[in-house]
S.K.: 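First the structure, which I've put down as structure tokens, then a few questions once you've had a look.
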Amino acid sequence: MRIVNQLDEAYQLFRAERIDRKKCGLVPTMGALHEGHLRLVERARAECDFLAVSIFVNAMQFNDKGDHERYPRTVQADLDLLAAKGVDMVILPTDQEMHPEPIQFQVVPSGLSEVLEGASRPGHFAGVATVVMKLFHVLSEGLAYFGEKDFQQLAIIKRMVVEFHLPISVIGVAIVREADGLAMSSRNMLLSKEERAAAPALHDSIEVLRRGYASGERRVESLVQQAKTELAKEPLFKVDYLCVVNPATLDLLEFAEDNSRILVAANIGLVRLIDNSVVGAIDAQK
Ligand code: AMP
């Protein structure tokens, strides 16, 4: 496994593989890898000839400095996990390599990026889109894998590829959960014991909404009320949003239908957790 700190070197390695007609893949991450990340890596490994994973804790996408400082960093353990998965290249740039100072350009998305996470975390998606655009230039052509865990991010990246005519297929991978339903996240390791015990309530509230839909309720107001009541049983959580949206446009819906998306964000202590799920198809989700 090659570990590459220079983006130009990574670009050249992808290029050489493409000249050899190899299908190139990229899994962008911020490290502190867990099973969720590894599911993306496994899927990509099965579909690509040459697979790179990037690890970069992108300061540009943290609107909260403390959140950036607290973000877990476990590079050596990450490298061991990626080597065991047969990854060909790890792209591990420094801050200065990724974003040379003085920073004068950003990819600033609008529309999809202004709601939900975008509304609560100003500048977040500009930071994400900018770093992903840089990584996409390094990849140039191929497949890129993102988790549905960050559902809004996935929608924005898919749209970015369309609008900038990038020859990159963006592939979404289903959420990987702990046995108690909590969506895996690098931030979970920041939870205290008490917070960790309370955290599955987020997923439970989604399941309440899904069950409400399965039993015939379609009015979002009523479904969301049921879910919020469930989440309120766990006083450690402070809800930011809990809503049902059109999965492509992220527009808020008045009436839920199959494939509508439930999106939730809530704070527990200092940690912000997000989760989501499709409405309907309960059996397929289990
Ligand atoms: P991050 O390191 O948090 O930026 O995540 C890197 C990629 O892994 C993103 O595309 C995430 O959506 C994805 N990811 C993170 N957690 C999960 C999970 N529990 N299930 C599936 N994908 C995930």
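Whatever order the structure lists ligands and atoms in, that order sets their numbers, starting from 1.
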S.K.: When you check the gap from the basic side-chain N to the acidic O, do Glu47 and Lys23 get nearer than 4.0 Å?
M.R.: no
S.K.: Note the single closest protein heavy atom to atom 21 (C) of ligand 1, along with its residue, its atom name and the distance in Å.
M.R.: Ala174 O, 3.5 Å
S.K.: Give yes if a backbone or side-chain nitrogen or oxygen of Met30 is under 3.5 Å from a nitrogen or oxygen of ligand 1, and no if not.
M.R.: yes
S.K.: NE2 of His34 to CZ of Arg39: how many Å apart, nearest 0.5 Å?
M.R.: 11.0 Å
S.K.: Between Val173 and ligand 1, is there a nitrogen or oxygen pair with a distance under 3.5 Å?
M.R.: no
S.K.: Identify the protein heavy atom lying closest to atom 7 (C) of ligand 1, giving its residue, its atom name and the separation to 0.1 Å.
M.R.: Pro28 O, 3.7 Å
S.K.: Between Glu97 and Lys134, does any side-chain N to carboxylate O distance fall below 4.0 Å?
M.R.: no
S.K.: Does Arg219 make a cation-pi contact with Phe255 (under 6.0 Å, within 45 degrees of the axis)?
M.R.: no
S.K.: Give the residue, atom name and distance (to 0.1 Å) of the protein heavy atom nearest atom 14 (N) of ligand 1.
M.R.: Lys149 CB, 4.2 Å
S.K.: Charged N to carboxylate O under 4.0 angstrom, Arg45 versus Glu42?
M.R.: no
S.K.: In ligand 1, which numbered atoms sit nearer than 4.0 Å to a non-hydrogen atom of Phe146?
M.R.: 10 (O)
S.K.: State the CG-CE distance between Leu79 and Met1, to the nearest 0.5 angstrom.
M.R.: 5.0 Å
S.K.: Which one holds for Leu40 and ligand 1: side chain close, backbone close, both close, or neither close, with close meaning a heavy atom under 4.0 Å?
M.R.: side chain
S.K.: For atom 3 (O) of ligand 1, what is the nearest protein heavy atom, given as residue, atom name and distance?
M.R.: Tyr71 OH, 3.7 Å
S.K.: Nearest protein heavy-atom contact for atom 1 (P) of ligand 1: which residue, which atom, what distance?
M.R.: His37 NE2, 3.6 Å
S.K.: Can a salt bridge be assigned to the pair Arg21 and Asp49 using a cut-off of 4.0 Å between side-chain N and carboxylate O?
M.R.: no
S.K.: Show the atoms of ligand 1 that are less than 4.0 angstrom away from any heavy atom in Met184.
M.R.: 16 (N), 17 (C), 18 (C), 19 (N)
S.K.: Mind checking whether Phe164 and His137 have ring centres under 6.0 Å apart?
M.R.: no
S.K.: Could you find the nearest protein heavy atom to atom 10 (O) of ligand 1 and give me its residue, atom name and distance?
M.R.: Gly147 N, 2.8 Å
S.K.: Between Arg18 and Leu139 (side chain of the first, backbone of the second, donor and acceptor by atom type, cut-off under 3.5 Å), is there such a pair?
M.R.: yes
S.K.: Any salt bridge linking Arg261 with Glu148? Criterion: basic side-chain nitrogen under 4.0 Å from a carboxylate oxygen.
M.R.: yes
S.K.: Closer than 4.0 Å to some heavy atom of Ile175 - which atoms of ligand 1 meet that?
M.R.: 20 (N), 21 (C)
S.K.: Return yes or no for this condition: an N or O of Thr29 is under 3.5 Å from an N or O of ligand 1.
M.R.: no
S.K.: Who's the nearest protein heavy-atom neighbour of atom 20 (N) of ligand 1, and how far?
M.R.: Val176 N, 2.9 Å
S.K.: Just need the protein heavy atom nearest to atom 15 (C) of ligand 1, so name the residue and atom and give the distance.
M.R.: His34 CE1, 3.9 Å
